[in-house]
Structure formats: C-alpha cells, structure tokens
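To find a chain, count down the sequence lines: A is the first, B the second, and so on, and within it residues start at 1.
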Protein chains: 4
Amino acid sequence: MSRIGIGIVGGGYMGKAHAVAMSAVGPVFDTALRPSLEVICTTTPEGAAEKARQFGFARATADWRELVADPRVDAVVIASPQHTHREIALAALAAGKHVFCEKPLGLGVAESSEMLAAAEASGCIHMTGFNYIRTPASQLARQILANGEIGAVTWFRAEHTEDFCADPAQPASWRTRGRANGNMGDLSPHIINAALAFMGPIASLCAEIETVHATRPSPAGPEAVTNDDQAQIMCRFASGAMGHLFISRVATGRKMGYAYELHGTRGAIRFDQEDQNALWLYKAEGPEGRRGFSRILTGPEHPDYKAFCLGPGHGTGYQDQIIIEARDFLAAISEGRPRWPSFADGHRVNQVIAAAWLSHERRGWVDVA
Amino acid sequence: MSRIGIGIVGGGYMGKAHAVAMSAVGPVFDTALRPSLEVICTTTPEGAAEKARQFGFARATADWRELVADPRVDAVVIASPQHTHREIALAALAAGKHVFCEKPLGLGVAESSEMLAAAEASGCIHMTGFNYIRTPASQLARQILANGEIGAVTWFRAEHTEDFCADPAQPASWRTRGRANGNMGDLSPHIINAALAFMGPIASLCAEIETVHATRPSPAGPEAVTNDDQAQIMCRFASGAMGHLFISRVATGRKMGYAYELHGTRGAIRFDQEDQNALWLYKAEGPEGRRGFSRILTGPEHPDYKAFCLGPGHGTGYQDQIIIEARDFLAAISEGRPRWPSFADGHRVNQVIAAAWLSHERRGWVDVA
Amino acid sequence: MSRIGIGIVGGGYMGKAHAVAMSAVGPVFDTALRPSLEVICTTTPEGAAEKARQFGFARATADWRELVADPRVDAVVIASPQHTHREIALAALAAGKHVFCEKPLGLGVAESSEMLAAAEASGCIHMTGFNYIRTPASQLARQILANGEIGAVTWFRAEHTEDFCADPAQPASWRTRGRANGNMGDLSPHIINAALAFMGPIASLCAEIETVHATRPSPAGPEAVTNDDQAQIMCRFASGAMGHLFISRVATGRKMGYAYELHGTRGAIRFDQEDQNALWLYKAEGPEGRRGFSRILTGPEHPDYKAFCLGPGHGTGYQDQIIIEARDFLAAISEGRPRWPSFADGHRVNQVIAAAWLSHERRGWVDVA
Amino acid sequence: MSRIGIGIVGGGYMGKAHAVAMSAVGPVFDTALRPSLEVICTTTPEGAAEKARQFGFARATADWRELVADPRVDAVVIASPQHTHREIALAALAAGKHVFCEKPLGLGVAESSEMLAAAEASGCIHMTGFNYIRTPASQLARQILANGEIGAVTWFRAEHTEDFCADPAQPASWRTRGRANGNMGDLSPHIINAALAFMGPIASLCAEIETVHATRPSPAGPEAVTNDDQAQIMCRFASGAMGHLFISRVATGRKMGYAYELHGTRGAIRFDQEDQNALWLYKAEGPEGRRGFSRILTGPEHPDYKAFCLGPGHGTGYQDQIIIEARDFLAAISEGRPRWPSFADGHRVNQVIAAAWLSHERRGWVDVA
C-alpha cells in the first residue's frame, strides 16, 4: 500500500466532495494507493487554511501554481470554476501530475482539445468528473445494455433538469452571466456524457437553446441574462437510434432530474436520479399478463455497491458517487492505464455541446464532429 | 326528456365503446336528450345483426348510406376506419345529421378541411373523438393551467407511447401498411390534441419520423413496412413556450403512455394515463423544505367525476371517457351549440401532422399553417 | 336473449351505480339475460319518480314491498341502508325473487344467518355486493395465488382506509351514530371479504376497536359518537398464515385505501385501490440482481378486462366493478347456479366482524365461528 | 481541533461502516474532535491486522481487552456480535472510555439495564447505534411531528421487513440459531426505536411471534430453527394513539423495508427506507381538490443534509447515516453531554422486545415496563 499525494484546487461544493472522497476511498475500496492530503488551494490564503483544517490537508495555498509545483503532490483534482480548468490542467500535466478535472473539461472544444492533447502527450492519467453516471443503478443500466438484455435500442430520451433558476424573480448572479455558467455550459455535460455512455457517438443533432427569462432583477434594475436557461436536442446516434435530450435549470419542481429511458427491441430501462437506488427494467419475455416494469433496488450484485454496504436496498448517495470516482482515479494511476471517462470523453461531450450551439444558430440539423 | 336516434358506423373496439356509452350516458349524467339506439353498421349484414343484438340496436346494416339515410337516426357516430370518415361524415351532414367522428378527422388536412367546411355549412353539431383528454385528471390539469396556478408555462413535453409493434418479429398486417395506419396517422392525433388543448397553437416545429423496422415477416417473406413506427417533434408554441412530442408504437413496456409534463413559472404538472386517476402537481410556494410533487387523486371536486362516483380515489376508467364524450355530444345537440373538440379541432390536429411530415421531409423547421 | 325484470331498492350512490350497471352490462358483456329496468324504490314517491326518470325505470315507488311484489320484477338489488337489508331480502326471497344485496349482509350475524338460511331455502340466486374485489387487478391477484405463483403465503396485511371522518371538527351525523354506520359496520366488510377471498377462513383473531374522536360538534353542543372510527385485527388464518387488518375512516390522506400485501415463499403481491389498474408482483426467481416488484398494468389477459377495452393500460374504474357484479348476478340467474360471493360469503364476513367485537370486548384472542 | 483516539471492536459489515465513518466525519461535518484510528479488534490477529491495514488503524488486536485498555483509545465503538456487547461495554466504561454500542444494547433487558447503570455511573458518553432513524427524511419526519404540522397522531404503523431468510430452502446458519439472532433480536430494535422516537413510550402491547420455517436444511438433515422469522405487535402508545409493528426476515421482495406511516388529525406522513431520500407528506389544508401526498425530496433545508451536498435531490445513502452517528458521538464527547439515542434509549427498546415476548407467551395484552 503506497501513499499518493493529492492536491485539490477548489474549496467549494465540489472541492469538499473530493476531499471527503479522498479521506474515505481507502477504507471503502481497500485501494492499493492511499491518498495523502497534501495541499488545498482556494481563492484566499485564509480560506485555504480554513479548508485545509476542515478537510485535513497538510498545506494550503491561494496559488494553484504552488499546489501544482508541490513535489509531494502526485495527483491534482481540479474542482475550480470552468474557466480555470485548462490552465491548471496544462500546468499540472506539464509537471507530470495525474489530473482529475471536474466536468466540463474547460470552456469548450478548443480548450478540451488542447487539454486532451496535453494529457495524451504527458503519459499521465487523466479523468473527467461525471459523477452521476457512477451510481450502481446507472452502472447496472450500462451492464444490462452491454449484455443485450433489452435488445437493440431504438429510442433514448434523457434529461437533466433542476429548478434553481425557475423563479423569474431570482436576481441576476454569476449563474446568469456568461455562456459557460449557463444551462448548456453547466448542466448539459452530465447528461450528454450519459447519452454517449449508453448509446455511443451522436452522429447528428438538431438543437434549440433558449433564455427563458431574458432579464433578472438586480440592484441597478433589470439585468440582461447572457446565457441560456433550457435547451432541447433531437439526435441520431451512430448506432441508428433516435434520441432526445432536454436540459433545464428552470424546470420547476425538479431537483435532480437526471433521468433517462431506453426502449429496446426486447426490453426497456427507466431511471431517475431523484430515486437513485432504483432502476426500472421491463423485459419483453414471459407471459404477456405478467409483464411490467420492475423496480430493481440496487444491491451487492450491482457494480460498486457492496463496498458501501452488503444489504440490498440500503442505498448509496451523492457522496458515494465521488468516492467511486476517486477509486477509479487511484486505480488508473496504480495500474498505469486510463479508466473511463478520460479527457477524451470530456472532449467528446464538448463536441456535442458545440454542435448543439451550431445547430441552434443555424436552426437545423448538423453533424457532430 | 327527449329521445335522440343514434346510428353508429363501426362495430369494432370503438364502435362498442360508443354503443356502451350511449346506453350508460343517460343514467350517469341525467342528460336532457336520451339516446335511442337505432342503427348499427358494420361490414357484413350478419356481423351487423350480431352487433345490433349485442349492443341493443333496433336495426342493422352493412351499408352506412342506409344508416345515414334512416329517418330515425338523428346523430351519427363514426367509428369506422379513417379512410371512411370523410365520405360518411359528408353524407351525414348533408342529410342534416349531427356527427361525432372518431379521431383522426379523415385521412389528412385535405379531408378534414372539407369535412370542417361541410360541418360548418350544415348547421349540425360536429365533434371529434379525443377520449384521453376527457379524464377528470386531464380536465383538472386544464383547469389548473387556466387558473394560472402554475404561472406561465415554459416547457411542455408529451408522449403517446405504446408497444403493440415493438417486437420486430411481429408479422406484417394492416397496421404496417399505409401512412394512415402508421404511428403518426393512428397514435399522434391524441397527443397533438392534448398539446393544443394545454398550450394553444403550435407556431413552428421540427420533426423526425421513422420506420424503425423496415420489414416485417409475412408468409411470402419479409414485407416492406410502408408507414412509420415512431416520431419526435420539437415545437414552439404561439405562446412562446418550447415543447417536445414523442409518439411511438414500438415503445417496449409502454401500454398507454399518454403522458405529459408542464413546467410553469410557479409550478409544474405531470400526468401519465397509465395511472389515469392521479395528477401530480408541484407548487412553488410555502417553505422550500415542504415542497414536492403532490399526487392528487381524482375526486368529486374535479370535472366530470362525481357523476361516476361520490368518493375520491374510487376512480374512473377508459369506458367512462367515452361516456363523457357522449354527454358532450348530446349536450351540444340539445343546446344547439358546439362543444370542444369540434371538427375545427380535429382539423387543427391534422394541420400539425401535415407540418410534421413536411418538416421531416425538408429536414428542418417549418411553420404550422 | 331474454329479458329479466330488475327492481332496485335505493336511489342514492349505490342505487345509481347499480342502475347504470344494469344499463351497460348487456352491451359490455353480451349477457344472455338482458335487464329490463322495471321499478326503483326510494324514500319518497317524488324522489322515486325522479330517479326512475333519470335512470330509465318503468315505474317508481316509495314502498319496497310494492317493488318486491311487482310481477315484472324478477330480481331485486338491495342498495338501501343496512338496517333494511334483512326485511327486504326475506320478502324478496319469499316472493321468489333473486336477490343481490349490497354489503354488509344485514346488521350482523343474526340477520345474515337468517338471510342466508332463507336464501338457501328459496332456491333463488343470492349475492352480496363486494365491488372492490372485482377489479381485474384483484382478480389477477387471486389467480396468481391460486396458481401457486408466489408459493405458500406466510403473511397477509390489508387495510381499508379513508379519511371522511378524519377532521375532528366534522359535525355529528348519521355516520357517527349507531354501530352499523361505524367503521367496522361500514368499511370493514370490504377488506374482510378480501382477506377471506385471498387467504381462506380466519381461525382466530385479536382486535382493537376505537372511537378516536369521542364527541363531534353539533348545533346542541358536543354530541357523543356512538360508533367506532378505526380498528385493527391481528389474525391467524386456517391456512396457518399470520395476518393483520386495519380499518379506518380517520386515515388522513387516504381516499380509497383498500390495499393489501401478501408475502409468499416464492413471491409477493402488493395492491392499492388508489392505483387500481396496477398489480405489483415480485417473483423470487431469476438472477438476484434482476429481481424487483413489477408494476403489471391490467390488460386483456386479465379477468373481466377485455370486455371494457382491448388495450392494456387503458384501465377500468369504479363503475366497471359494479358492471362486473351485474354480469355475475345475471349469469348466476341464467345458469341457475350461484356465483361468488353469495349470502354465505356475506355471512362469513359478518362472523369475522362479530368475532372482532368479541375480541375487543374481551381484550384478547378469540376463535372465529 | 483535538484528536480523539478511536477503537473499534468488530471488523465485519458494521465495523467497516464505523471505520469509514470515522475517516469521513471530520471533513464532512467539520467536527471539533477529530478521530484518530488507534486500534481495531477482530477475532484473529491476522484478520485484525488486515482490517487495520484496510481501514487505516494504527494497531490491531484479537483481544478486545487490549483495545479497551489501550491508553490512546478514548472512545470505543462496539460493532461485534450482540452477546459480546455487555462485557465489552462494561469494561470500556470501567476504563473511562466513551462507548458507542451498536443495536441491540446487549442480549436483553437484563444486560441493557446493567449497561445503562454502568454508563450512567461512569460519567462517560454512551450511545446506541440506530442508524436508519438518522436519514434526513426520518429526521424531517420527527421535525414535522414536533412542529405539530400533522396535528395529533391517531395511528402509527411501521415495519422492518427484509427477505434474507425468505427462501425455505436456505440452509440453517447462525442466523437461524439462538433468540438473539432471530427476527425480534436482530431486526426489531430499529423499528421499535423508530416507534419510540416518533410516538413516545408504548404503554401496552399484544404480540405474536413465529418461526415460519420450523426447520432448515443442513448437511446432517433438517435442523430445527431456534429463533423467530416474523412478528407483529399491536400497541397502544402512552399518548393514546394506536399502533402496529411488523417485523420480518421472510418478507419476500423486501430488501430494506423500514417503513412507517402516521395519521394525524391535520395530516399524514409516509416513508419507506427503500426510497430513503423522499418523505411523503399530506396536509389537510387548502382546497380539497388540490390535496394529495407530496413527495418531498431531501435537501439542504432538512436536518444533517447539507453537510453531504448542497443540492436538493442529490441524496444521501446508508454510509452517510453512520457518519451522522459518528458526528453525534463526537459532539456528545466534545460537549460533555449525551445525545440521543443513549443507552437509556437502547434499554427502552429492549423493554419493548421483552414485553413482546411476554405477550406472545401469554397470548394477550401486557403493559410495557
């Protein structure tokens, strides 16, 4: 069992999630590599020191370059805002550090392309953080598909819907400024990644992206919203299947509406992250009068479940998804070979987002690169 | 209380449903007009006689012209195949008979346009049969919307999904032959009507329509399927709201997947016909920690419920939807003024279907007439 | 096809349901006997005339003896208050009329015993009305059990819960006066009948019965409530299985909480009347990781469904349960042999109720007669 | 921030859960005391060493006395079999160590009484582990009750149902031997604790306890099962409310059926651990036609949620319940005052179990001590 020095850039929501995951992943999964929490970086020295104390890091800094350069840091987790991803990742890779970068991989295809090239050239392990696909239920869905249990998929529908901007009276904020912080920039990567994970490449798409509430209240009067609130994408997968994606931050009532359904020639799957420990499976077999969607509760037979508990139905949660990511990152480093999803996968997601914007602007179907 | 002579064309599934409805509607709703079951018409004299006996009609015929011409027939219910709708309706209207025509209203916009013109010129009552929108739950949804209880709608998604053609091994049949019998021709009218009922006119749309299984087994070898299996439609309503419709007869696991969701600025609605006695309502009010989708069971407070039972949660079913239609048809005749949905509404649905085909062929957005 | 003269005693909720059922049952089930609505009896001549007009009866009366004596009445449906059941049934049977009596069968075991004896002596068809067990879903549950699909049942839990008396501020009324109108008298028969239908005889039981709200507001001040609000019954079936019943009219939030669950050695069943078109089935077979409760939507493969509609998931409702009862009553008469549930079954339910009261009074286990 | 030395007795399922919790609780909750994993004790030196390595303990032992005596161990978590609880707890308390003991608190009331007395005499912090009541949803349910949001509770029903012994073909094992390992001994404490937490003391009860499968296969032929498979308890709470508990390990299809419902005069609550991130709430307020059970997703407004994630609907899981317990244990030590549930609560649960056995043996109602 070896120690591996971890540096985390970002002390917010995701920074904490990764810090907790690095503390728990060893006992949970009995990993070969054990994280040593070396440096945390946040925006101010005081804040960083405070987070280091709370999360148990040895050192703190407000300068990510210092973190990246730290010789005791072997691997860097980037959990800072999107516009910082590229620069930090490139520097970390240049310094020979393994990099786990939160979704999305940089601000767009140009950045993710550069990041991917640097990662591949570096010989280091690189991963992109798409946590929701890590639930035992969604991993089970991938297994069922891979096994051909529902036959050939003929329809895929998915959504990522939340309502944190649903109230038109909600004031302008960083969330309503800048394309990167918008609905396509912030929410869509998760569900596009899911679409690719379940269905393979998207060949072509036709998208519509809109700012539902054009202005938001601000102390200085109504302020123009400069990014999108919701979007829909019709698509055709390379497999031939038809699909639809919907992404919204104004979906009143939806809290974690990461949901999908797949129709196959021999069965169907349904899932909603708001009930993340259940997968609904329909099999077109047996007598007609006994068929129905089954609510399968996740359990120790399902991927990555039994490290958390031995009993079915006991359930995993959000934090556990991050622990599973940490396990894969450590295992990839330990084994010296990449694990899904790498920067290549993060880049593929960005390509779909770019195609969606292009389609929206052209108001028609476009091929995905 | 007066008698009104009823003739029904069609002795199949829908013909029976309307025959039962005409027998029950009087006692259920205490209608002013009471149906007298005069003539039923099916394809053979023997079959018609048999149906007349079963359903209690006074006379039977295999010639719908005879039914239309019967002086004791005041109102005609057309429950025969689509390609017969136009001719029968025109003849009935010409004979001064009120006409209830099952969806869809003829084979397409050309026919429905002619039917509508004839109906309006006739002075007779005309209705189109869209039964699913008649459930107390869906009527409640319309009330909630009309009251502004969920604010301005920003997103509408709906589907009509069934799986009666999901098995690729299912042989070729009338269902797989001819555009009218396809998914867009047969299933889409219900959910397009729902979209219009909830959201008002569709301004523009972008559709994709496909035959998932290009051939079907037949005794003579694989037979080409000449109509569509599934379709999706992105749309923009005249109200400004964005929407999406999905229609499929190959949706494995779905039996009566007539379902919709509406996101509003102050709330949201969800419904699935497979649980037709419940409407899910979310209100963005009260403390954040007490909000959630409520499962409202239909009850006597809701439209057209209490005629069927006085207790909430007791529930109505498919046949009751047809009884509600019958009530409206009789009331319209009795009051001498049309009730929704008239031929005009059936025609509007056909206009959307036509636009969807056009969009599909052009592979892009089109305006709806 | 022969006509059978029907007389209905009672013009309220249940009287109407039976009147509608008698109008619809012929076309729905193509019954050999066709009801002729001869006489309806309600409490006043005016009211009876009005109901006769609404429901389509030939004659009306405020004297049930007149109805019973009417030579054109062949069969009597008793849908009047419980305390009238015995006298009417005895007179009708004595007059050689077939009798369908709404649950409960008289005011208690003494009455039901007398009614059963008279019915058996009469040679007439006799039935008791327990409509909820008639849904296709509950009939399917009985089939699954009978087939041994869930193995030997080891646990049965059921409830009949509603909330029409849940508000303590609700005034005193006939509902809060007299044991017969209480929770055990009014609600319990349905679910006790279900217990017997699924599980066979109850050998012994231990019950607790209580008046939750001892007084109710009335114009003259608080009025003592003289019947029960809720009750629970632990029981041991003759089969050896353990069970529990809960009955409540103060179950806030429950509208038609007729629900049950059965655990078997090879599977389990769950049902809730508030979603009456679905039966939940778990089979302990196949790989552990693919097991779950399946939501089976009722469809044409299930008992008594396809007469109402040919498509699965289209659903039946409350009124359809009564139509199914009418079909059985007519078929029993036509075939000259009883159909379940007869007066014997109504009497068995009363025996359980009597045992529950005895147990409650003795505060301990008692054997059921 | 101070370190506190932790010793854990038990390296199985629960031992691991507590080890992970002690690793994660600091960063998750920013606790004042930070656990230092000092000693783990399992049954063999080799096994203990292996667990120490996996979980990150400094030392390992197969002798719990050594662990208890270790001067660097300040607090002991007892996660070993029930029959060891008493001896370890007494020794630990005698050594001045704080003690967290997994449920149940010893083998019965005699042991828990002695343990409680020792704990109270010791001045040390003592807690009993009932993890399921720790979910944000169940804590929310307690808040709602405490606020009077559903009025006075008139009915409480709960179950703890699993199916790990449902298959009669399952061989004899330690689970089927000895009362302590039976259904009442092993499963019932959780749900009895829930009953007490929600409703306060149980005044009297009437129970039925049974061994459903009297023998189990073993290599030497059928072996007698010496403990129970399922039990039901009717009870009367000191508050006056009526209740029912059902506990089963042969509940086919149920995986983590820790579920409850409460009917109050102004509302109702429903919960099922198999969907642990949702609480169903019905409020008897607002227009009748808008009432229904709301599915409230847990979120940052709810107890102990936001330490795990800031977004509602993201969800917590089984392991998080144990982290919440660890937080309370550390906080109690840090603050020098007990937190619920203490040994007193563990003892109260045992008193109810004892009363249930007495009632079963007497076949009647008994008062609870």
For H302(B) and L297(B) the tightest heavy-atom approach is CE1-O, 3.5 Å
Does the E274(B) side chain pair with the main chain of M256(B), one donor and one acceptor, at a distance under 3.5 Å? yes
Taking side chain as everything from C-beta outward and backbone as N, CA, C, O, which of these in R295(D) sits under 4.5 Å from a heavy atom of chain B? Side chain, backbone, both or neither. both
When the 4.5 angstrom heavy-atom criterion is applied to L281(D) and chain B, the contacting part is side chain
Out of P300(B), S294(B), G292(B), A278(B), which one racks up the most heavy-atom pairs below 4.5 Å with chain D? S294(B)
Part of residues 130-153 of chain B lying next to chain D, heavy-atom separation under 4.5 Å: L140(B), Q143(B), I144(B), N147(B), E149(B)
Using a distance-only test with no angle check, is there a side-chain donor-acceptor pair under 3.5 angstrom linking W155(B) and E261(B)? yes
Apply the test ring pair (Phe, Tyr, Trp, His ring centres under 6.0 Å) to residues F308(D) and F29(D): give CA-CA distance (whole Å), side-chain angles for both, the deciding distance (0.1 Å), then the verdict. CA-CA 8 Å; F308(D) 295 97; F29(D) 280 109; 5.5 Å; yes
Residues passing the side chain to side chain contact (heavy atoms under 4.5 Å, CB included) test with A158(B), sequence neighbours excluded, are F156(B), I191(B), L245(B), Y260(B)
Side chain D328(B), main chain E325(B), donor-acceptor under 3.5 Å: no
Among the options E301(D), K283(D), R291(D), pick out the one with the most heavy-atom pairs lying under 4.5 Å from chain B. E301(D)
Using a strict cut-off of less than 4.0 Å between a Lys/Arg side-chain nitrogen and an Asp/Glu carboxylate oxygen, indicate whether D275(D) and R270(D) qualify as a salt bridge. no
Given E159(B), E162(B), H160(B), the one that forms side chain to side chain donor-acceptor pair (under 3.5 Å) with R254(B): E159(B)
